[in-house]
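In what follows, a structure is listed as structure tokens, so that the remarks can point back to it.
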Amino acid sequence: MSTETAFPPGRPLGPDFFARSPDRVAPDLIGKVLWSPGVGGGRLTEVEAYLPMDDPASHAARGPTRRNVAMYGRPGTIYVFLSYGVHYLLNLVTDREGVASAVLIRAMEGLEDGRAGDGVSYCGPGRLGAALGIRPELSGLPLGPESGVYVIDDGSRPRVGITTRVGITQGAALPLRYYASDSACVTRRSAIQGGT
DNA sequence: TAAACGATTAGCT
DNA sequence: GCTAATCGTTTAT
């Protein structure tokens, strides 16, 4: 991961961008630059939406708990949780405050033009979290200076594909995973064509 | 208080 | 393709 500290070109996304339903926000996140000062970043290639209603896979499906409280926060809030006791996964909270929804950030492609990152891709939510130094203390903080995590729109508009989510048992049939069609940095590519 | 369970990944067959 | 690693959260006694 690069130690580049220069802010990448483009417009940092704030609460306005995230103040929509997660299935609307998620496809728009593909191609955006996820970046942290002094750490690096990359272009998002795969995300998943977790809905506020009728989504049994959401951590908030059974109401607020100690863990998922950040999902009820303002749009643009960070939600981090420990997966399998091993990996810290990064989510971005969407929709209005009080409505529990989020987008799981699953993969990013390192930039190769020196603007951010080092050209190395991080495919898979656990790897991505480790690469960005995602910690549980970030949960509940907003994107921006407080968390040191930024999402930047640099005008890139990649073609976006839609398929089913990964690693869940309930709500597994819902098409809520969004990915960059032309990227190799997408997990479980085999699940996309056949569908099983 | 106890037990079960993951929004995963690496390593081995 | 299959499984161990690993630990905080959740759910059940």
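Chain naming here is simple, since letters A, B, ... match the order of the sequence lines and numbering starts at 1 in each.
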Out of dA7(B), dT9(B), dT11(C), which has the shortest distance to the side chain of Ile168(A)?
-> dA7(B)

Ring geometry between His59(A) and Tyr79(A) (parallel below 30°, tilted from 30 to 60°, perpendicular above 60°) = perpendicular

Complementary nucleotide of dC7(C), counting Watson-Crick and G-U pairs under 3.5 Å = dG6(B)

Reckon Arg177(A) has a side-chain N or O less than 4.0 Å from the OP1 or OP2 of dA7(B)?
-> no

Rounded to whole angstrom units, what separation is found between the CD atom of Gln170(A) and the C1' atom of dT10(C)?
-> 13 Å

Rounded distance (Å) that lies between atom P of dA4(C) and atom NE2 of His87(A) | 16 Å

Can Tyr84(A) be classed as stacking with the base of dA5(C), given a centroid separation cut-off of 5.5 Å and a plane angle cut-off of 30°?
-> no

Is there a side-chain polar atom (N or O) of His59(A) under 4.0 Å from OP1 or OP2 of dT9(C)?
-> no

For Tyr179(A), is the NZ or CZ atom of Arg188(A) found under 6.0 angstrom from the centre of its six-membered ring and inside 45 degrees of the ring axis?
-> no

Return the value, rounded to whole Å, for the distance between atom CZ of Arg62(A) and atom C1' of dT11(C).
-> 8 Å

Considering all heavy atoms of both residues, which atom of Pro22(A) and which atom of Leu51(A) are nearest to each other, and what is their separation?
-> CG-CD2, 3.8 Å

For atom CG of Leu82(A) and atom C1' of dA7(B), their distance in whole Å | 12 Å

Identify whether any heavy atom of Arg127(A) sits under 4.0 Å from a base atom; if not, whether one sits that close to sugar-phosphate; answer base, sugar-phosphate or nothing.
-> sugar-phosphate

May I have the distance from Arg67(A) (atom CZ) to dG6(B) (atom P), rounded to whole angstrom?
-> 10 Å

Round to a whole Å and report the spacing from CG of Asn68(A) to C1' of dA7(B).
-> 13 Å

Would you mind telling me which of dA7(B), dC7(C), dT9(B) lies closest to the side-chain atoms of Phe81(A)?
-> dA7(B)

Using the P atom on both, measure dT3(C) against dC5(B) and round to a whole Å.
-> 16 Å

Taking atom C1' of dG6(B) as reference, at what distance in whole Å does atom OH of Tyr50(A) sit?
-> 11 Å

Give a yes or no answer on whether the side chain of Arg165(A) reaches the backbone of Gly171(A) with a donor-acceptor pair at less than 3.5 Å.
-> yes

So what does Leu104(A) hit on the nucleic acid, given a heavy-atom distance under 4.0 Å: a base, only sugar-phosphate, or nothing?
-> base

Which nucleotide sits closest to the side chain of Val86(A): dT9(C), dT9(B), dA5(C)?
-> dA5(C)

Can any side-chain N or O of Ser147(A) pair as donor or acceptor with the backbone N or O of Pro142(A) at less than 3.5 Å?
-> yes

Rounded to the nearest angstrom, tell me the gap between atom CG in Leu92(A) and atom P in dA7(B).
-> 18 Å

